[in-house]
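For reference, the structure discussed in these notes is given below.
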2 protein chains.
Amino acid sequence: MPLSREKIAATAIRLADTHGLDGLSLRKIAKELGVGPMRLYDYVINRSELLDLMVDVVHARIAEVDQHSEWRTTILAIAHATRAAALDHEWFSDLLGGRPHLGPHALAVGEATAAALSQAPGVRGIDDLQRALGALNAFIIGAVRREVTERRTTRSTGTDEAAFQASLGPYLTRMLNTGRYPTVARLVIDGAHLNAEETFNHNLTTVLDGITSRPRT
Amino acid sequence: MPLSREKIAATAIRLADTHGLDGLSLRKIAKELGVGPMRLYDYVINRSELLDLMVDVVHARIAEVDQHSEWRTTILAIAHATRAAALDHEWFSDLLGGRPHLGPHALAVGEATAAALSQAPGVRGIDDLQRALGALNAFIIGAVRREVTERRTTRSTGTDEAAFQASLGPYLTRMLNTGRYPTVARLVIDGAHLNAEETFNHNLTTVLDGITSRPRT
DNA sequence: GTATTCGTGGATACATCGTACGGTAGCGAG
DNA sequence: CTCGCTACCGTACGATGTATCCACGAATAC
């Protein structure tokens with residue numbers, strides 16, 4: 001059975017997609033590939049490197065986004081591709097931003113993002129670009145993390161109100177009944193469940209508007 | 001030796017501050033407290049609940065921020081307190097946003113944030129408030145995560161240019177020399193190392209400006 | 001042909017982890 | 001005194017990442 005980093009990563013991704021990072025182990029990957037666990041060490045230094053490799057493989061998909069002549073269109077496309085990738089591979093949201101992402105595909109995504117953002121009004125030099133990239137990337141990392149967490153919570157507590165009430169609701173209801181969290185209570189009780197993709201897009205636009213409305217520095 | 005959730009959490013926090021989450025185990029906490037590992041299960045259901053408890057303890061500190069009459073001052077204070085907490089407890093940045101944070105202190109922080117943000121111009125109803133909270137929290141989660149990651153990278157590769165060159169530099173230099181990442185190369189080579197706190201504040205202001213400049217919906 | 005070396009691959013082992021489970025000791029109530 | 005409950009710990013198990021060693025087959029040298 002010929003092995004390769006690509007093959008190991010693809011298997012790891014498949015297993016992580018199904019079982020999450022907690023359910024992913026080198027032994028399980030090896031078993032799935034039909035080899036002994038120590039074989040993997042011919043290709044990756046340790047588990048951590050394997051995780052980095054998996055992250056870069058996901059970045060390869062994000063990097064396929066078309067470059068547009070208009071900077072904002074490109075940024076929106078990259079951000080949405082990142083979100084889509086995170087929703088397809090939820091473990092990605094747990095890893096994103098937790099390590100420097102320096103694989104070739106991650107660098108390609110970084111390059112496409114930076115090149116587009118350097119065209120944005122308000123971004124007049126390299127310091128501006130660094131700050132703008134920081135704001136955008138921070139938002140994306142946080143937004144996908146929160147969205148995946150919310151999906152997981154919904155999945156584990158049930159997808160309808162009755163299951164929520166049975167699982168998490170009693171505690172939360174009790175807390176909200178203390179009267180100590182009136183705004184949160186209003187959000188929970190009265191808040192509509194906003195469409196996740198629209199929320200992401202809306203808030204991404206908010207961040208980009210903030211970036212482009214900055215006074216020149 | 002009388003135990004309590006508070007005592008267990010405080011010990012866990014101390015150990016995680018020193019050794020990171022990877023170096024934190026229930027056995028080590030128990031040993032530090034001078035009890036058997038199974039004792040901990042009288043107080044926490046499992047390791048996951050202990051982590052949630054630790055996060056809520058950190059939120060207690062963030063919740064101590066003074067409420068101001070001016071919404072933006074309050075938001076800035078909460079955001080900066082969150083960043084400060086994450087820098088003091090780097091493991092916090094790995095957990096933030098990865099689970100619903102429903103402990104009493106996290107709810108208190110959420111309440112203070114939501115109450116202040118509901119006063120912001122541009123936030124006219126509960127849908128606006130939900131979106132604005134989403135944007136702000138996403139930014140904070142992502143920004144502290146990235147900043148802690150950068151600190152860890154700097155620490156592990158050395159704090160000066162020479163150590164960086166010896167450790168990560170050869171790979172990155174080789175990649176940048178391919179010419180495939182010209183904007184990234186410019187950022188790495190020419191980019192000043194911006195002050196982290198100023199960057200956080202700048203980008204936080206950027207996000208808030210975006211939130212308050214939105215057209216009414 | 002035989003002996004030696006090298007490369008590939010797997011088996012075994014170790015330390016560690018979270019947690020299940022069972023047993024014991026001490027204390028308080030009846 | 002006995003019994004029940006609580007606190008506590010010891011033992012055990014399955015699982016994990018990874019170190020280390022050994023066996024086997026193929027290639028090379030003589």
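Order of the sequence lines sets the chain letters (A, B, ...), proteins ahead of strands, with each chain counted from 1. Worth saying up front: this structure is predicted, and the values here are computed from it rather than measured.
Side-chain atoms of A:His101 and A:Asp56 include no donor-acceptor pair closer than 3.5 Å.
Using modelled atom types, no side-chain atom of A:Lys31 and backbone atom of A:Leu26 make a donor-acceptor pair closer than 3.5 Å. Between the side chain of B:Arg145 and the backbone N or O of B:Ile140 there is no donor-acceptor pair closer than 3.5 Å. B:Glu111 places a side-chain N or O within 3.5 Å of a backbone atom of A:Val184 that can act as its donor or acceptor partner.
Within residues 89-97 of chain A, no residue approaches DNA chain D, by heavy-atom distance under 4.0 Å. Across residues 30-54 of chain A, A:Met38, A:Tyr41, A:Asn46, A:Arg47 each have a non-hydrogen atom less than 4.0 Å from an atom of DNA chain D (numbered order).
Screening A:Thr206, A:Leu208, A:Ile211 against B:Thr206 for a side-chain contact (heavy atoms from CB on, under 4.5 Å) leaves a single residue, A:Ile211.
Within a 6.0 Å sphere centred on CD of B:Glu49, other residues, nucleotides and ligands contribute more than 12 heavy atoms.
For the pair B:Leu21 CG and C:dT16 P, the computed distance is 19 Å after rounding to whole Å. Remark: P of C:dA20 and CZ of B:Arg27 are 13 Å apart, rounded to the nearest angstrom. Rounded to a whole Å, the CG atom of A:Asp22 is 16 Å from the P atom of C:dC17. We find that CD1 of A:Ile29 is positioned 16 Å from P of D:dA15, with the value rounded to whole Å.
Between A:Lys28 and D:dA15, a side-chain N or O to OP1/OP2 separation shorter than 4.0 Å is absent. Not one side-chain nitrogen or oxygen of A:Ser25 sits closer than 4.0 Å to the OP1 or OP2 atom of D:dA15.
For the pair A:Arg5 and A:Tyr43, the cation does not sit on the ring face, since its NZ or CZ is not both under 6.0 Å from the ring centre and inside 45° of the axis.
Using a 4.0 Å cut-off between charged nitrogen and carboxylate oxygen, A:Arg152 and A:Asp94 count as a salt-bridge pair.
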